[in-house]
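Right, one structure below, let's go through it.
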Amino acid sequence: MADYIVRDMRVDALVIGAGPAGSAAAITLAGAGRDVVMVDRAAFPRDKVCGDALIPDALKALARLGLREDVLRCSRVLDGVRVYAPDGQFVDVSGECACIPRLTVDEVLRSAAVKAGARFLPNVDVKGALVDGERVVGADLGASELRADVTLLATGAAAEPLKRFGVCHRIAPSATAARIYVRTDEAFAREARHLCISYDAAICPGYGWIFPGPDATFNVGVGFFYDGKARPQARLSDRKLNTRELLHRFLDTFPPAKDLMSRAIDITELKGAPLRTALCGSALARPGLLVVGEAAGLTYSFSGEGIGKALESGIIAAETVLRGDGAETYAARIRAAFGPRFRGYKLAQDWLARPRLANFLARRARKSPFVRRELSGLFQETSDPRRLFSAAGMLRSFVS
Ligand SMILES: Cc1cc2nc3c(=O)[nH]c(=O)nc-3n(C[C@H](O)[C@H](O)[C@H](O)COP(=O)(O)OP(=O)(O)OC[C@H]3O[C@@H](n4cnc5c(N)ncnc54)[C@H](O)[C@@H]3O)c2cc1C
């Protein structure tokens, strides 16, 4: 089918990858009347190893795409995030959020792109760029070639497509993470109202999570960041990292995880995946090519959240194309939109990777409205992380 459709085809925009970044771009471009082809090496609906959490940035971006309510209808809507410090204290941070399997949300997004007029080709593993001098003018789809005025690379954390398009600056991922799904009885699941994140000393610099999803399911996992500052008590970077071992340690030692597992009716097999974070690891663009979503490192190191950033960058890329602007303008827009936030959140990650500081912060959060306000602002991306994660912020936590 793919051969038949794409032979000798020329389109306004070729979108490679139908995850949140690619679909958001395709929805916006096709909705504005552009001729768009979106391809993916997978057939949809497809699973994507993820924590499945939609934090406020993702909900905002979905609202811009007109899909917020459609997505929330299939999600478990939650009250906020409960953050556990290494010593077991926790703090509840308010902010609207939800949890929905990627199998479902990515299909909602892809279908919306098709409804907006984009043509979707599944099972197409893009082999490389078609170039004219320095400019990318389309892609080699294996059995055929597709020419496009602009190509959007939205291929997620895989390094291979970045290499094939000449934009890879770093092959190694920034982090690795693994998850399982667990089902419990309805009564137990109803009680879980928060995304739960644990900054466990054994996992630093990383974290474990328990995210309550729809139909009494929970997404449980651990992520470990190579980019952070490793703590002496973790020393995990000294030996070969094994996320399976880390996840089992989390399930055996973190009390809410132990409780959950003792109630589990059903447990799926563990699946792992890499992450590309911190707005680095690839060029953001080259003539004729815009790199969007996790391919551009647009996932936070601090929390591993990237769905919202993927959606937002897809929209920015599409708007850049619609205005007739080029690759350099897109790269500048991405740096302006995300640079300060990523620097701030990297700072937060470095602070929370120090178990003593994380414990201290959790203690202060129980007493200080300032700390609670700033943490909620951090979650909702309405406040600057440097206000809290600084010597001045720590001093202020004693007086307000
Ligand atoms: C274990 C784990 C937990 C996470 N938890 C969360 C969370 O709770 N919340 C959150 O916001 N983020 C989370 N993230 C990050 C999140 O998964 C990513 O930020 C997000 O998927 C990025 O979206 P994307 O569209 O850029 O890429 P993807 O969703 O990865 O989509 C890329 C698409 O490109 C396709 N593709 C790749 N190569 C090719 C090729 N050569 N040809 C054609 N198609 C190709 C793939 O099949 C895929 O469909 C987590 C990540 C991991 C690994």
Side-chain angles (χ1 to χ4, degrees), residues 2 14-26 38-59 61-62 81 97-103 105-107 109-110 120-129 139-142 151-165 173-180 195 197 206-211 213 219-225 243 247 270-277 282 291-314 317:
L14 166 63
V15 179
I16 305 171
S23 289
M38 179 164 69
V39 303
D40 200 292
R41 66 180 172 197
F44 275 60
R46 67 102 177 81
D47 199 9
K48 154 80 177 82
V49 177
C50 187
D52 301 338
L54 300 179
I55 60 168
D57 70 339
L59 296 176
L62 287 166
V81 57
C97 52
C99 184
I100 176 172
R102 290 292 298 273
L103 191 74
V105 67
D106 286 19
E107 179 57 9
L109 285 158
R110 189 205 63 85
F120 175 64
L121 308 179
N123 303 316
V124 175
D125 186 350
V126 172
K127 302 291 176 219
D140 172 2
L141 307 188
T151 300
L152 276 62
L153 196 62
T155 42
E160 196 52 43
L162 296 170
K163 284 198 301 191
R164 290 178 192 167
F165 280 79
S174 329
T176 182
R179 63 101 165 104
I180 52 170
L195 297 171
I197 292 187
Y207 56 86
W209 70 83
I210 302 174
F211 293 165
N219 181 317
V220 189
V222 293
F224 181 91
F225 290 88
T243 41
L247 181 58
L270 177 148
K271 285 190 179 169
L275 289 99
R276 293 178 81 82
T277 68
S282 75
V291 184
V292 291
E294 191 156 350
L298 279 166
T299 297
Y300 276 154
S301 313
F302 169 60
S303 61
E305 311 290 338
I307 300 170
K309 311 284 165 293
L311 293 168
E312 210 179 322
S313 66

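In listed order, ligands and their atoms are each counted from 1.
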Using a 4.0 Å heavy-atom cut-off, which part of [X] comes near ligand 1: side chain, backbone, both, or neither?
X	result
Ala53	both
Thr299	side chain
Val124	backbone
Arg46	side chain
Asn219	neither

[X]: numbered ligand 1 atoms lying under 4.0 Å from its heavy atoms:
X	value
Gly17	33 (C), 34 (O), 35 (C)
Gly293	26 (O)
Pro161	38 (N), 41 (N)
Thr155	32 (C), 34 (O), 36 (N), 37 (C), 38 (N), 39 (C), 45 (C)
Ala273	53 (C)

Distance from [atom] to nearest protein heavy atom, with residue and atom:
atom	result
atom 6 (C) of ligand 1	Cys50 SG, 3.3 Å
atom 47 (O) of ligand 1	Asp40 OD1, 2.6 Å
atom 27 (O) of ligand 1	Gly156 CA, 3.4 Å
atom 32 (C) of ligand 1	Ala154 O, 3.3 Å
atom 44 (N) of ligand 1	Arg41 N, 3.0 Å
atom 30 (O) of ligand 1	Lys48 CE, 3.4 Å
atom 29 (O) of ligand 1	Arg102 NH2, 2.8 Å
atom 41 (N) of ligand 1	Asp125 OD1, 3.0 Å

[X] near ligand 1 by a heavy-atom separation under 4.0 Å:
X	answer
Gly221	no
Ala58	no
Pro274	yes
Arg179	no
Glu160	no

Under the 3.5 angstrom rule, does the side chain of [X] hit a backbone N or O of [Y] as a donor-acceptor pair?
X	Y	answer
Asp40	Ala18	yes
Ser313	Gly293	yes
Ser282	Ala295	yes
Tyr207	Ser303	yes
Asn219	Cys50	yes

Is [X] close to ligand 1, meaning an N/O of one under 3.5 Å from an N/O of the other?
X	result
Val49	no
Gly306	yes
Ile307	yes
Val126	yes
Trp209	no
Ala21	yes

Can you list the steps and then say if Val49 with Arg179 is a side chain to side chain contact (heavy atoms under 4.5 Å, CB included)?
CA-CA 7 Å; Val49 177; Arg179 63 101 165 104; 3.9 Å; yes
Are any non-hydrogen side-chain atoms of [X] and [Y] less than 4.5 angstrom apart?
X	Y	answer
Val292	Leu153	no
Leu311	Pro20	yes
Thr155	Phe165	no
Ser174	Leu275	no
Arg102	Arg46	yes

Is there a side chain to side chain contact (heavy atoms under 4.5 Å, CB included) between Arg276 and Leu162 once you walk through the steps?
CA-CA 12 Å; Arg276 293 178 81 82; Leu162 296 170; 3.5 Å; yes
Out of Lys271, Glu305, Met38, Glu294, whose heavy atom is nearest to atom 20 (C) of ligand 1?
Glu294
Nearest non-hydrogen contact with atom 13 (C) of ligand 1 belongs to which option: Gly304, Gly51, Gly314?
Gly304
Does Lys309 come within less than 4.0 Å of Glu305, counting only side-chain N to carboxylate O?
no
Could you tell me whether Lys48 and Asp106 make a salt bridge, using a distance below 4.0 angstrom between a side-chain N and a carboxylate O?
no
Among Ser23, Pro122, Pro45, which one satisfies side-chain contact (heavy atoms from CB on, under 4.5 Å) with Arg110?
Ser23
Counting the benzene-type ring for Trp, do Phe120 and Phe44 have ring centres under 6.0 Å apart?
yes
Applying side chain to side chain contact (heavy atoms under 4.5 Å, CB included), run through Ile100 and Asp52 and close with a yes or a no.
CA-CA 5 Å; Ile100 176 172; Asp52 301 338; 5.7 Å; no
